[in-house]
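Position 1 is the first residue of the sequence, and the numbers go up from there.
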Amino acid sequence: MGAFFQSIATRTAGFGTIDQATLSPSGSLVSMMLMFIGGSPGSTAGGIKTTTFAVLFINAVTYARNENGINIFKRRISSDIAKQAAAIFGVHFILMLTATIIICAIEPVGMRECFYETVSAISTVGYSMGLTQGFSNVSLIVLCVLMYAGRIGGLSFMLTFAEKRKRVQMERPEEKILIG
């Protein structure tokens, strides 16, 4: 019953029925994945959202099958939506990873615990392994910035820092590079 409640609470609420510090490494990894994905759009849940994750997953399957376009349930998902989903995932992941590196450099805690705190912060879940009360002010500010970025959305957060300039319609020559 505790595992069932944990799997639901990690997506939205942060109501704790078990001590998060007692989770096994695999249990904390599953919790972090659920927190990172979050809830559905239109809800108050944090994370990248279930639809963003679904679009990324379907896009990967479509690419692996060498199919044209992203099709599901007899509908096509535009490539712009796939690009936006990839951007949301990328921004969240980079912010989370950067914050983890900063906090790990400052605080005398393990990487798993530090990563758990940053995933929880950017996903606005509210779970903690009980370490934040001992963190320095710099680490607390980093976590606050993550919570703010997670609440307004990683992409929106990054756009607030983007330079506003007029774009000239121009298409550069295409280059083929090896990936993967």
Side-chain angles (χ1 to χ4, degrees), residues 1-18 20 23 26-65 67-103 114-129 132 140-164 167:
M1 199 61 166
F4 175 71
F5 190 79
Q6 174 83 2
S7 70
I8 294 170
T10 52
R11 295 166 145 313
T12 62
F15 296 126
T17 56
I18 59 172
Q20 302 303 303
L23 290 174
S26 59
S28 61
L29 181 62
V30 170
S31 293
M32 286 186 272
M33 287 172 23
L34 290 172
M35 285 190 283
F36 187 74
I37 294 170
S40 294
S43 70
T44 57
I48 62 169
K49 306 296 187 215
T50 53
T51 51
T52 302
F53 180 75
V55 167
L56 289 171
F57 182 77
I58 294 164
N59 189 32
V61 169
T62 299
Y63 187 78
R65 291 181 178 170
E67 295 175 358
N68 291 332
I70 306 168
N71 299 302
I72 187 161
F73 302 123
K74 298 182 182 180
R75 298 278 190 234
R76 184 179 60 80
I77 299 173
S78 81
S79 61
D80 287 341
I81 297 293
K83 288 177 189 176
Q84 186 178 11
I88 289 168
F89 177 86
V91 167
H92 268 80
F93 193 76
I94 289 169
L95 286 172
M96 185 178 57
L97 204 57
T98 304
T100 301
I101 291 168
I102 291 169
I103 294 172
C114 186
F115 200 55
Y116 195 91
E117 300 292 328
T118 58
V119 172
S120 178
I122 198 162
S123 301
T124 65
V125 173
Y127 272 155
S128 175
M129 288 193 159
T132 50
L140 293 176
I141 289 170
V142 168
L143 289 174
C144 286
V145 169
L146 277 183
M147 287 185 254
Y148 183 72
R151 185 64 237 140
I152 65 170
L155 198 55
S156 298
F157 182 74
M158 294 305 285
L159 288 175
T160 59
F161 299 110
E163 183 180 329
K164 307 276 192 244
R167 302 230 183 251

Q. Sequence neighbours excluded, which residues qualify as side-chain contact (heavy atoms from CB on, under 4.5 Å) partners of Arg75?
A. none
**Q.** Counterpart residues, side-chain contact (heavy atoms from CB on, under 4.5 Å), relative to Val55 (two or more places apart)
**A.** Ile77, Ile81, Ala82, Ala85
Q. Can you list the residues that meet the side chain to side chain donor-acceptor pair (under 3.5 Å) rule with Ser120, with sequence neighbours excluded?
A. none
Q: Can you see which heavy atom on Thr51 is nearest to which on Pro41, and at what distance?
A: OG1-CG, 3.3 Å
Q | Distance, nearest 0.5 Å, that separates CZ of Phe57 from OG1 of Thr52 | A | 15.0 Å
Q: Find the distance between CZ (Phe93) and OG1 (Thr100) and round it off to the nearest 0.5 Å.
A: 8.5 Å
Exercise answer: donor-acceptor pairs, residues 28-40 side-chain atoms, under 3.5 Å, sequence neighbours excluded:
unit_1, atom_1, unit_2, atom_2, d
Ser28, OG, Ser24, O, 3.3
Ser28, OG, Pro25, O, 2.9
Ser28, OG, Arg112, NH1, 3.0
Ser31, OG, Gln6, NE2, 3.1
Ser31, OG, Gly27, O, 3.0
Ser40, OG, Thr50, OG1, 3.2

Q: Kindly write out the residues that satisfy side-chain contact (heavy atoms from CB on, under 4.5 Å) with Asn68, not counting sequence neighbours, or none if the list is empty.
A: none
Q.
Return the CE to CD1 distance between Met96 and Ile101, rounded to the nearest 0.5 Å.
A. 11.0 Å
Q. What are the two closest heavy atoms between Met129 and Glu117, and how far apart are they?
A. N-OE2, 2.6 Å
**Q.** Arg151: partners by side-chain contact (heavy atoms from CB on, under 4.5 Å), with sequence neighbours left out
**A.** Thr124
Q: Could you grab the distance from atom CD1 of Ile72 to atom CG of Asn59, nearest 0.5 Å is fine?
A: 11.5 Å
Q: State, with a plain yes or no, whether a side-chain heavy atom of Leu146 is found less than 4.5 Å away from one of Leu95.
A: yes
Q. Which distance, rounded to the nearest 0.5 Å, do you find between the OG1 of Thr62 and the CD1 of Ile70?
A. 6.0 Å
